[in-house]
Amino acid sequence: VVTYNSLIHGLCKLGCWKEALMLLNEMVYCSVAPSIVTYNILIDQLCKQGMVKKARCYVGMLVRRCVELNVITYNSLMNGYCLQNQMNQARKVFDAMETHGEALELFKNLSASGYPQDVVTYGTLLDGFCKNGCVDIALALFYEMQRKMLKPNCVVYNILIDCMCKAGRLEDAGMLFSRLVNEGLQPNVNTYTIIICGLCDKGLLNKAYEVFREMENFVCFPDSASYNVIIRGFLRQRNLQRATELIQEMFSKGFSVD
RNA sequence: CCUACGU
């Protein structure tokens, strides 16, 4: 099953749906039962490729066949709606996941109740609202998850920090960063890249460069995205000197420029 | 072997 799942995952990512479905048929033929992971891969990839409608139908079909789904299935579907900016639909999936199944009928036969929202559920919805410019709703969710005793992780903080940076609210981003550290969490490469990006967008390249150089002291080594972000920043300021220097540096580390 | 974050 694991081998089939990996192959199906790869084919779906490449958009080779025909081949993926042939493999699915083949596994049934070889009496290898598809698992929940197999279904989740199909649903997630349909969603990521803009076919939420199909994903939704597929979930409906699995439910009718009494296949046991899980929180990942619904997180994927919810993410699909977020990616289409269909936040009302995303919210409906979210509500349908409420532990105490009354919300069940809000989303016709989704049968999502009893799969309590987890940190990823919140992170997904938060990100959806942030990307749709609903910062306040996102923040409300951030507080709501804590009331529900779900500890925001680094990804959740990154989502909010990115949102603040993109809104030009660097002070708020900074406060969230402090909070992340105060909670005993470790910022990761994404955290720093997000902040560097925010500083670059504000034209604060010296500060951005400082963060870029200091992140290594916190065991976060700049990756290809970090380099690309700061190089773009310097190019925008016409600092070809610094940009060239960094391009060479990233090349020497085996990264490539976008 | 599957789900949320940075260009």
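These figures come from a predicted structure and were not determined experimentally.
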Stepwise salt bridge (charged side-chain N to carboxylate O under 4.0 Å, His left out) test for A:Arg236 and A:Asp201: CA-CA 9 Å; A:Arg236 251 187 284 138; A:Asp201 288 343; 3.3 Å; yes

[N] [atom2] sits how many Å from [X] [atom1], rounded?
X: A:Leu42; N: B:U3; atom1: CG; atom2: P; value: 13 Å
X: A:Phe234; N: B:U7; atom1: CZ; atom2: P; value: 18 Å
X: A:Leu199; N: B:G6; atom1: CG; atom2: C1'; value: 13 Å
X: A:Gln117; N: B:U3; atom1: CD; atom2: P; value: 20 Å
X: A:Ile247; N: B:U7; atom1: CD1; atom2: P; value: 18 Å
X: A:Asp223; N: B:G6; atom1: CG; atom2: P; value: 12 Å
X: A:Ile195; N: B:C5; atom1: CD1; atom2: P; value: 18 Å
X: A:Asp201; N: B:G6; atom1: CG; atom2: P; value: 14 Å

Could you check whether the side chain of A:Asn79 and the base of B:U3 have a donor-acceptor pair of N or O atoms closer than 3.5 Å, going by distance alone? no

Heavy-atom donor-acceptor pair, A:Asn188 side-chain to B:G6 base, under 3.5 Å: no

How would you label the contact of [X] with the nucleic acid (heavy atoms, under 4.0 Å): base, sugar-phosphate, or nothing?
X: A:Val71; value: nothing
X: A:Lys13; value: nothing
X: A:Asp258; value: base
X: A:Val229; value: sugar-phosphate
X: A:Asp118; value: nothing

Nearest to side-chain heavy atoms of [X], which nucleotide of [options]:
X: A:Asn40; options: B:C5, B:U3, B:C2; answer: B:C2
X: A:Asn228; options: B:U7, B:U3, B:G6; answer: B:U7
X: A:Cys197; options: B:C5, B:U7, B:C1; answer: B:U7
X: A:Ala225; options: B:G6, B:A4, B:C1; answer: B:G6
X: A:Asn190; options: B:C1, B:A4, B:C5; answer: B:C5
X: A:Ser76; options: B:U7, B:G6, B:U3; answer: B:U3
X: A:Ser226; options: B:U3, B:C5, B:G6; answer: B:G6
X: A:Arg232; options: B:U3, B:U7, B:G6; answer: B:U7

Hey, which of A:Tyr122, A:Phe129, A:Tyr74 is the one that makes ring-ring contact (aromatic ring centres under 6.0 Å, His included) with A:Phe94? A:Tyr122

Separation between CZ (A:Arg242) and CD (A:Glu249), nearest 0.5 Å, reads 10.0 Å

A:Asp127 vs A:Asp162 side-chain heavy atoms within contact, under 4.5 Å: no

Under the side chain to side chain contact (heavy atoms under 4.5 Å, CB included) test against A:Cys163, which residue among A:Leu126, A:Ile194, A:Val135, A:Asn158 passes? A:Val135

OP1 or OP2 of B:G6 less than 4.0 angstrom from a side-chain nitrogen or oxygen of A:Lys131, does that happen here? yes

Is A:Asn228 reaching over with its side chain to a backbone N or O of A:Asp258, donor-acceptor style, under 3.5 angstrom? yes

Could you tell me whether the side chain of A:Glu216 and the main chain of A:Pro222 form a donor-acceptor pair under 3.5 Å? no

Residues from residues 157-171 of chain A sitting under 4.0 Å of RNA chain B, heavy atoms only? A:Asn158, A:Ile159, A:Asp162, A:Lys166

Please state whether the rings of A:Tyr227 and A:Phe212 are parallel, tilted or perpendicular, taking 30° and 60° as the class boundaries. perpendicular

Would you call the rings of A:Tyr39 and A:Tyr58 parallel, tilted or perpendicular if under 30° counts as parallel and over 60° as perpendicular? tilted

